[in-house]
Amino acid sequence: MRTLLNEVKLIEEHLFGNAETGDSLVVEATRLIDSSFDQKVKQQAIAYDVVNCYGRERLRHEIDAVHRQLFTQHKHRGFALKVLKWFTIK
Amino acid sequence: MEEATDLLADAALKRQLLFMQLYKKTFPNAAKYIAKRGGSFEEAKDVFQDALIAYYEKINGNPEAVTTEPQAYIMGIVKHLWSRKFGDDIKQQRLMGGALLNAIDDDATQGPALHQITRLVASAGERCLQLLTAFYYDKLPAKNFRKLLVTTQNIRLPYKSISALRK
């Protein structure tokens, strides 16, 4: 388990550009000679992409919920009118 | 798991307050800017929301990244996004084929990511993905996770979870 986690940590630092130069060279060299390791690096990169993609979608939903509150709730009526007036008077 | 729920709920509430405040302070100006250039309410909303996401991704984990006032910074992104959108629209009129190719490209890059998410949520569990998102996307300080890590004996929870996703 410890070895696996060290490997994940090493790959993470490499992908995030935080690894020591020597460590990065080891990662790149190992990828060339060990295709299963190369596959692990690629899959870990995908995992970060997926997390980011998930985070951004979640954020989009949250921002949209704020938008809906501002344009439907009575207490925000003044704000809504202030914005909407730009789109009615042409 | 209770601490995890508190941690995530607390962070979500803070984001909601932040966006409410930014919306109230900045959206009227952004809407005015876009309306004056012939944009619709829907377009103003889309551009503004993209700008908020860009701002959030810039400041999370590194509040010093933006030295100007948030409103000024967000308006800068809004103007940039609007001019880019306008530029793209002109290009699309001239190069219909190019636009279509771009759309296909987008499908090719987004498709697998969405597919991956569905698959990972099923295998790793949504809670796992939520915690990873809080750590890697929202960049919540590591100290916030310390309590979780002690209670679950997972000293290196992020690495462990990432390795679970990797499979």
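So you know, we letter chains A, B, ... as the sequences are listed, proteins then strands, and number each from 1. Remember, predicted model here, so these are calculated numbers, not experimental data.
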Answer yes or no: is there a side-chain heavy-atom contact under 4.5 Å between Ile63(A) and Arg15(B)?
-> no

Assert yes or no for the condition that the ring centre distance of Tyr48(A) to Tyr136(B) is strictly below 6.0 Å.
-> yes

When heavy-atom pairs shorter than 4.5 Å are enumerated against chain B, which of Glu62(A), His76(A), Lys42(A) gives the highest number?
-> Glu62(A)

Given the side-chain rings of Phe41(B) and Phe71(A), with only the six-membered ring counted for Trp, is the space between their centroids under 6.0 Å?
-> yes

Leu84(A) reachable from Tyr33(B) in the ILVMFWY side-chain graph, under 4.5 Å edges | yes

Report yes if some heavy atom in the side chain of Lys32(B) is under 4.5 Å from a heavy atom in the side chain of Lys82(A); otherwise report no.
-> no

Output for pair (Arg58(A) CZ, Gln130(B) CD), nearest 0.5 Å, gives 8.5 Å

Phe87(A) to Ala35(B) - nearest heavy-atom pair and separation | CE2-CB, 3.6 Å

Where Val83(A) and Ala31(B) come nearest, the two heavy atoms and their spacing = CG1-CB, 3.7 Å

State, to 0.1 Å, how close Pro28(B) and Trp86(A) come at their nearest heavy-atom pair, and which atoms those are.
-> O-NE1, 4.0 Å

Got a second to check how far Tyr54(A)'s OH is from Leu132(B)'s CG, nearest 0.5 Å?
-> 10.0 Å

Is there a side-chain contact between Lys45(B) and His67(A), using heavy atoms and a 4.5 Å cut-off?
-> yes

Common cluster, Leu25(A)/Phe16(A), ILVMFWY with side-chain heavy-atom separation under 4.5 Å | no

Drop me the distance from Met20(B)'s CE to Phe79(A)'s CZ, to the nearest 0.5 angstrom.
-> 9.0 Å

So how far is it from Thr133(B) OG1 to Arg56(A) CZ, rounded to the nearest 0.5 Å?
-> 12.5 Å

Could you tell me which portion of Ala30(B) (side chain, backbone, both or neither) has an atom closer than 4.5 angstrom to a non-hydrogen atom of chain A?
-> neither

Chain A contact via Asn29(B) - side chain, backbone, both or neither, heavy atoms under 4.5 Å | neither

Part of Leu59(A) within contact of chain B (heavy atom distance under 4.5 Å) = side chain

Flag for Gln69(A)-Tyr23(B): side-chain donor and acceptor within less than 3.5 Å = no

Relative to chain A, which segment of Tyr56(B) carries a heavy atom at a distance below 4.5 Å: side chain, backbone, both, or neither?
-> side chain

dist Arg60(A):CZ -> Asp46(B):CG (nearest 0.5 Å) comes out at 8.0 Å

Taking everything shown except Lys139(B) itself, do over 12 heavy atoms lie less than 6.0 Å from its NZ?
-> yes

